[in-house]
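Working notes, beginning with the structure itself.
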2 protein chains.
Amino acid sequence: MNIKHDKVNVLKTGMALLCSKGYSNLGVDEICKVTGMTKGAFYNAFKSKEQFLIEAVLLYGENNVKRIKSELEPNGQNSAFERLQMFYHKMLKAQPRNNFTGCFINNIMSEMGFVSELVGIESSKEFVKFIDAIVPTVMEAQENGEMNRELDARQITELLHSTFYGVLTIAKSSQNIDQSILTINLLFNNLKPNQNA
Amino acid sequence: MNIKHDKVNVLKTGMALLCSKGYSNLGVDEICKVTGMTKGAFYNAFKSKEQFLIEAVLLYGENNVKRIKSELEPNGQNSAFERLQMFYHKMLKAQPRNNFTGCFINNIMSEMGFVSELVGIESSKEFVKFIDAIVPTVMEAQENGEMNRELDARQITELLHSTFYGVLTIAKSSQNIDQSILTINLLFNNLKPNQNA
DNA sequence: GTAATCAAACAGAACGGTCGGTACAATTAA
DNA sequence: TTAATTGTACCGACCGTTCTGTTTGATTAC
């Protein structure tokens, strides 16, 4: 009996696999096995394995932008600066202990950015969208006087998220996030206005 | 006629291949083709492809520590802060345009950190050695009054190098280093002592 | 001096396994 | 009936590795 497969669910399951195993280490057979698809169904739904990856990148990006906006929006309790800090802490701590797979876009950028130009371009686009989604909260923190107003908000955001990617990579390799949290905290403290100004 | 292969040269050539193609995308056949080895010679020199990777990581780490120390040592012209800034600029700009492969250790950490525990551990160790090699110059910059003395030198160094890795990954994917340089500059400016203190 | 010996290094064909992808009949939905 | 979807066997290419046999160069024996 044929099974009706929800493409979005397949992509979401595939994302987790891609995130932990990487693209080259993950076979189409395994994607099919885990999602319960057959090869016929897979290649009916996706033109190729690479196209599957790109669709996963796009879906992840879309959902992540929503998540960013949701977690950073004013909640009546925390200031913009606090929400930003909580946001990055949460993402670091969300990683299961001893199963630290890192961020999907960061991993794909690193593995495929130079191998597949198309994948590189698409994941870069998603990164820019993440930045776009975070910038308003950084601006709010600047207006609050919680962050240095002399700096460009977009530059600050690029710095924050780049550093986040950097510590993620190191944490993924050492399977330890303690240092990552210290590093992110240091950066946040440094982005406060000059205390004695 | 048999050819005498220098293991170090083979590893260096392999490093460049690993850096641009990644581990999973690089076959032993290609390593052999580029280095002029045959399979027999390769498997006589290396127990396995993974062992080849680990030896490449170790050699890269060793050479990179030497390079860091050499580029950061006092030159009678530049202050510690200037030498640090020049060091990171140089590493970013050293990447050939449109052929931006990133940093070997960063790439391997991201691709293999979770796939092979051994590779993850070894590359993390090399990262720590890089930090060890940079810390003294950060301390010197603090003593000079060029960098904020209130912060822990090792923490600053971790932040610098993590951010460097982050911007490298993004640059590798977008094939553009302009933003990376701006981001690193912003971080350096922020690590100066509070101007109005 | 030189012939015999031997382990290490090398060459490259071959192996079993896995890869992404396809062919096509069977099944389902319209 | 017809078109779309699925299940499965299968393809050629490629993978890391192993294999057998050869070459090499240093060591040993005479």
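Residue numbers begin at 1 in each chain, while the letters A, B, ... track the order of the sequences.
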*Let me see the working for B:Lys192 and B:Asn189 under side-chain hydrogen bond (donor to acceptor under 3.5 Å, both in side chains), right down to the final yes or no.*
CA-CA 6 Å; B:Lys192 289 178 183 172; B:Asn189 285 330; 3.2 Å; yes

*Let me know the distance between CG of B:Asp29 and C1' of D:dG16, rounded to the nearest Å.*
9 Å

*When the distance from CD of B:Glu50 to C1' of D:dC15 is rounded to whole Å, what number comes out?*
15 Å

*Rounded to the nearest angstrom, tell me the gap between atom NZ in B:Lys39 and atom P in C:dG12.*
13 Å

*When the distance from CG of A:Leu18 to P of C:dG20 is rounded to whole Å, what number comes out?*
11 Å

*B:Asn25 has an atom CG; how far is it from atom C1' of D:dC14, in whole Å?*
13 Å

_Integer-rounded Å distance: D:dT17 P and B:Leu53 CG_ = 12 Å

*Respond yes when some side-chain nitrogen or oxygen of A:Lys49 is under 4.0 Å from OP1 or OP2 of C:dG20, and no when none is.*
yes

*Taking the side chain from B:Lys90 and the backbone from B:Gln85, do they hold a donor-acceptor pair closer than 3.5 Å?*
no

*Whole-Å distance separating the NZ atom of A:Lys33 from the C1' atom of D:dT8*: 17 Å

*Rounded to the Å, how far apart are A:Phe42 CZ and D:dG7 P?*
14 Å

_Candidates C:dG21, C:dC10, D:dT6 - which lies nearest the side chain of B:Thr38_ = C:dC10

*Select from B:Gly40 and B:Asn44 the residue whose nearest nucleotide in DNA chain C is closer to the 5' end of that strand.*
B:Asn44

*Indicate, with a heavy-atom threshold strictly under 4.0 Å, whether B:Ile31 touches base, sugar-phosphate, or nothing.*
nothing

*asked:* Counting only heavy atoms from other residues, nucleotides and ligands, does the tally under 6.0 Å from CE of A:Met139 exceed 12?
replied: no

*Taking everything shown except A:Glu117 itself, do over 12 heavy atoms lie less than 6.0 Å from its CD?*
no

*asked:* Counting only side-chain heavy atoms from C-beta out, which of C:dG20, D:dT17, C:dA11 sits nearest to B:Tyr43?
replied: D:dT17

